[in-house]
Amino acid sequence: MFSTRNHILELIEQGHIPADRATEAMVVAKVTPNGQMWQRFIDRMLLWLGSLALAFAVLFFIAYNWDEMGRFAKFGLVEALIALAIVVYLKAEAYSITGRVSLLMASIFLGVLLALYGQTYQTGADPWQLFFNWALLMLPWAV
């Protein structure tokens, strides 16, 4: 199996790259991340974690205010968030990180909507039915 890191280490052992320049060679070959790569990683990680925190905040908001909110307010909030996430996905560039994050949020909100429907109308569905329907409805988005 070819590994850029192993190849550079072989070049160092053979003397083609001086040992004192090994760190620089690893950075140039992008084996060791530089400052810009770390910044990109942290930026993306914070975007993913922030979107997950927002999606779960909506879930917990509905659960905490279950008795105070009417069923139309609960359904309206979740459906509006699904629509907003889909609009962001459609406006984002193809295969961009923003589009992927918004699609993940729409998928989570879809699960919240299905759970809300099952809890509100007491469908008596087993958990496997909830997750099966959730996966089935998310399939077109995944494709």
Side-chain angles (χ1 to χ4, degrees), residues 1-14 16-17 19 21-143:
M1 175 183 255
F2 179 75
S3 168
T4 305
R5 184 178 190 280
N6 290 339
H7 185 67
I8 290 176
L9 291 175
E10 287 178 14
L11 290 174
I12 292 170
E13 288 174 2
Q14 295 170 359
H16 297 296
I17 297 176
R21 312 245 355 232
T23 305
E24 184 180 342
M26 294 284 192
V27 170
V28 168
K30 297 184 180 177
V31 173
T32 306
N34 60 14
Q36 184 180 13
M37 293 171 75
W38 276 111
Q39 183 180 7
R40 183 177 175 197
F41 167 75
I42 291 171
D43 183 48
R44 287 186 174 200
M45 181 184 65
L46 290 176
L47 178 65
W48 283 104
L49 291 176
S51 66
L52 286 173
L54 181 62
F56 292 129
V58 169
L59 171 74
F60 294 137
F61 177 79
I62 291 172
Y64 184 79
N65 295 307
W66 186 264
D67 293 330
E68 287 80 21
M69 291 177 70
R71 95 179 99 168
F72 292 115
K74 293 177 215 173
F75 280 106
L77 175 64
V78 176
E79 289 171 359
L81 290 172
I82 291 172
L84 179 65
I86 295 299
V87 167
V88 170
Y89 172 73
L90 294 174
K91 294 283 185 187
E93 294 178 17
Y95 303 107
S96 69
I97 190 76
T98 306
R100 292 176 183 175
V101 167
S102 64
L103 198 58
L104 173 71
M105 290 184 70
S107 300
I108 292 172
F109 292 146
L110 178 64
V112 171
L113 181 66
L114 291 174
L116 181 62
Y117 178 80
Q119 190 67 29
T120 301
Y121 296 109
Q122 295 296 315
T123 59
D126 290 329
W128 73 268
Q129 290 173 328
L130 169 72
F131 290 111
F132 177 77
N133 290 330
W134 188 11
L136 196 62
L137 290 171
M138 284 190 310
L139 185 63
W141 293 344
V143 171

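Just the heavy atoms: all of them, side chains too, but no hydrogens, waters or symmetry mates, feed the values below.
- Here the CG-CD1 distance, from Leu103 to Ile108, works out to 10.5 Å after rounding to the nearest 0.5 Å.
- For Ala25, the side chain to side chain contact (heavy atoms under 4.5 Å, CB included) criterion is met by Ile8, Ile17, not counting sequence neighbours.
- Under the side chain to side chain contact (heavy atoms under 4.5 Å, CB included) criterion, Ala83 pairs with no residue, sequence neighbours left out.
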Side-chain donor/acceptor pairs under 3.5 Å, residues 39-53, sequence neighbours excluded:
{"from": "Ser51", "atom 1": "OG", "to": "Leu47", "atom 2": "O", "distance (Å)": "3.3"}
{"from": "Ser51", "atom 1": "OG", "to": "Trp48", "atom 2": "O", "distance (Å)": "2.8"}

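- By the side chain to side chain donor-acceptor pair (under 3.5 Å) test, Glu24 pairs with Arg21, sequence neighbours left out.
- With sequence neighbours excluded, no residue forms a ring-ring contact (aromatic ring centres under 6.0 Å, His included) with Tyr89.
- Sorted by first then second residue, the ring pair (Phe, Tyr, Trp, His ring centres under 6.0 Å) pairs that include residues 93-114, not counting sequence neighbours, number zero.
- With sequence neighbours excluded, no residue satisfies salt bridge (charged side-chain N to carboxylate O under 4.0 Å, His left out) with Arg100.
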Below 3.5 Å, can you tabulate the donor-acceptor pairs from side chains in residues 130-143 to any protein atom, sequence neighbours excluded?
{"from": "Asn133", "atom 1": "ND2", "to": "Gln129", "atom 2": "O", "distance (Å)": "3.2"}
{"from": "Trp134", "atom 1": "NE1", "to": "Ser107", "atom 2": "O", "distance (Å)": "2.8"}

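- Ring geometry for Phe75 against Tyr117 counts as perpendicular: the plane angle is over 60°, on a 0 to 90° scale with 30° as the lower cut.
- To the nearest 0.5 Å, the span separating OG1 on Thr23 from CE on Met26 amounts to 8.0 Å.
- Note that CD1 of Ile82 is 10.0 Å distant from CG of Leu77, once rounded to the nearest 0.5 Å.
- Between atom CG of residue Leu81 and atom CG of residue Leu59 there is a gap of 11.5 Å, rounded to the nearest 0.5 Å.
- Partners of Thr98 according to the side chain to side chain contact (heavy atoms under 4.5 Å, CB included) rule, which considers only residues two or more places apart in sequence or in another chain, are Val88, Ala92, Ser96.
- Qualifying side chain to side chain donor-acceptor pair (under 3.5 Å) partners for Gln14, counting only residues two or more places apart in sequence or in other chains: His16.
- Ile12 and Ala19 make their closest contact through CG2-CA, 4.3 Å (heavy atoms, listed as atom of the first residue, atom of the second, distance).
- Counting heavy-atom neighbours within 6.0 Å of Gln36 CD, excluding the residue itself, gives a total of 12 or less.
- Between Lys74 and Val112 the shortest side-chain heavy-atom distance does not fall below 4.5 Å.
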